[in-house]
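First the structure, in the form of structure tokens, and then the observations on it.
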Amino acid sequence: MRCGAFGDMVLFTALIRVLHARFHSPVDIVTSGPWSEPLLRGQPGVGEIMSLRSRKTPYWLSADQRRVVRRLRERGVGPTWFCDAGDAARPLLARAGIPEELIVDVRDHSLLPGEHATEQWRRLAQITQVAVAAPSDAELAAVTPGCHLEVSERPAQ
């Protein structure tokens, strides 16, 4: 889960690529902002994109939040990375039935001195929750550091 501005979401691709390499599965993303879906759709390693208009609207007033929680419940419990600096969206994970022991929270793994944000995302993606069997990290060397976007020559419609 990451609800960031446009540039933040570009940097976030560093985490997506490492998670995809580790788990050999597309990474589903909960995000906000009208730019996230067109930016991330079709990028390597990106699975389903679930968008929120606002993570601060009270839950009972937000059809978006209820839809995301319903979708998270449908896909089942699994390892989860909470990548927001604030608490506003965190209750959605609890509502979806994702237990604390399956969540890696970026707030527990601060940016290190001199560390670039893409390096922090890469480091965070290599943390495995205690309740999850650690996948092999054998293919991580093939994931080049930094962010990455594939851009099509086809004009947007």
Side-chain angles (χ1 to χ4, degrees), residues 1-111 115 117-137 139-140 143 147-150:
M1 178 176 283
R2 174 75 173 140
C3 299
F6 186 89
D8 296 330
M9 297 310 289
V10 172
L11 295 175
F12 191 62
T13 62
L15 177 126
I16 294 167
R17 292 171 51 238
V18 173
L19 288 177
H20 182 248
R22 285 190 75 204
F23 290 92
H24 304 283
S25 178
V27 177
D28 293 338
I29 300 166
V30 176
T31 188
S32 67
W35 52 83
S36 295
E37 192 163 340
L39 175 73
L40 296 174
R41 187 184 316 111
Q43 293 300 318
V46 173
E48 183 178 356
I49 301 169
M50 296 166 260
S51 296
L52 301 168
R53 280 188 232 175
S54 171
R55 58 197 184 276
K56 295 180 180 179
T57 301
Y59 182 76
W60 58 275
L61 284 176
S62 176
D64 296 7
Q65 291 179 26
R66 293 191 308 275
R67 181 179 31 79
V68 165
V69 166
R70 187 172 44 255
R71 181 61 198 117
L72 289 172
R73 283 184 189 147
E74 288 170 356
R75 62 185 287 279
V77 173
T80 302
W81 281 259
F82 183 79
C83 301
D84 251 13
D87 287 328
R90 185 67 190 258
L92 297 178
L93 299 180
R95 287 180 185 276
I98 300 171
E100 288 294 318
E101 59 270 13
L102 292 181
I103 300 171
V104 172
D105 193 324
V106 69
R107 297 170 299 176
D108 297 331
H109 307 279
S110 300
L111 193 64
E115 184 177 45
T118 57
E119 294 166 333
Q120 180 191 25
W121 290 132
R122 188 176 175 92
R123 178 171 49 88
L124 191 73
Q126 294 176 65
I127 295 170
T128 303
Q129 305 84 334
V130 176
V132 176
S136 169
D137 290 341
E139 294 183 37
L140 293 184
V143 180
C147 50
H148 176 83
L149 288 176
E150 287 191 8

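Not measured: the values here are computed from a predicted model.
Rounded to the nearest 0.5 Å, atoms CZ (Arg22) and CD (Gln126) are 7.0 Å apart. Separation of atoms OG (Ser32) and CD (Glu37) is listed at 12.5 Å; rounding is to 0.5 Å.
Side-chain contact check for Gln129 versus Trp81: some heavy-atom pair is nearer than 4.5 Å. Contact check for Phe12 versus Cys83: side-chain heavy atoms found under the 4.5 Å cut-off. In this structure the side chain of Val104 never reaches within 4.5 angstrom of the side chain of Asp108, judged on heavy atoms. In this structure, the side chains of Leu92 and Leu52 come closer than 4.5 Å at one or more pairs of heavy atoms.
Nearest heavy atom pair, residue Ala89 against residue Phe82, reads C-CE1, 3.9 Å. Residues Ser110 and Arg123 come closest through the heavy atom pair O-NH2, 2.8 Å. Scanning both residues, Ser62 and Ser54, for their nearest heavy atoms gives OG-O, 4.3 Å. Listed here is the closest heavy atom pair of Gly47 and Pro26: CA-CB, 3.5 Å. Among all heavy-atom pairs drawn from Val46 and Ile16, the shortest one is CG2-CG2, 3.9 Å. Nearest approach of Lys56 to Gln65, heavy atoms of both residues: N-NE2, 4.2 Å.
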Salt bridge (charged side-chain N to carboxylate O under 4.0 Å, His left out) between Arg90 and Asp105, intermediate numbers included: CA-CA 10 Å; Arg90 185 67 190 258; Asp105 193 324; 2.4 Å; yes

Chi angles and distances behind the side chain to side chain contact (heavy atoms under 4.5 Å, CB included) call for Thr13, Trp121: CA-CA 8 Å; Thr13 62; Trp121 290 132; over 6 Å; no

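Here Arg75 does not pair with Glu48 in a salt bridge; the nearest charged N to carboxylate O distance is not below 4.0 Å.
Within the 3.5 Å criterion, the main-chain N or O of Arg66 finds no donor-acceptor partner in the side chain of Arg95. Proximity of a side-chain donor or acceptor of Arg122 to a complementary backbone N or O of Val18 within less than 3.5 Å is not detected. Using a distance-only test at 3.5 Å, with no hydrogens or angles considered, a donor-acceptor pair links the side chain of Thr80 to the main chain of Gly78.
Heavy atoms of other residues, nucleotides or ligands lying less than 6.0 angstrom from CZ of Arg73 number more than 12.
Among Ile49, Val69, Asp84, Val68, the single residue meeting the side-chain contact (heavy atoms from CB on, under 4.5 Å) criterion with Val30 is Val68.
Side-chain N/O atoms of Thr31 and Ser36 include a donor and acceptor closer than 3.5 Å.
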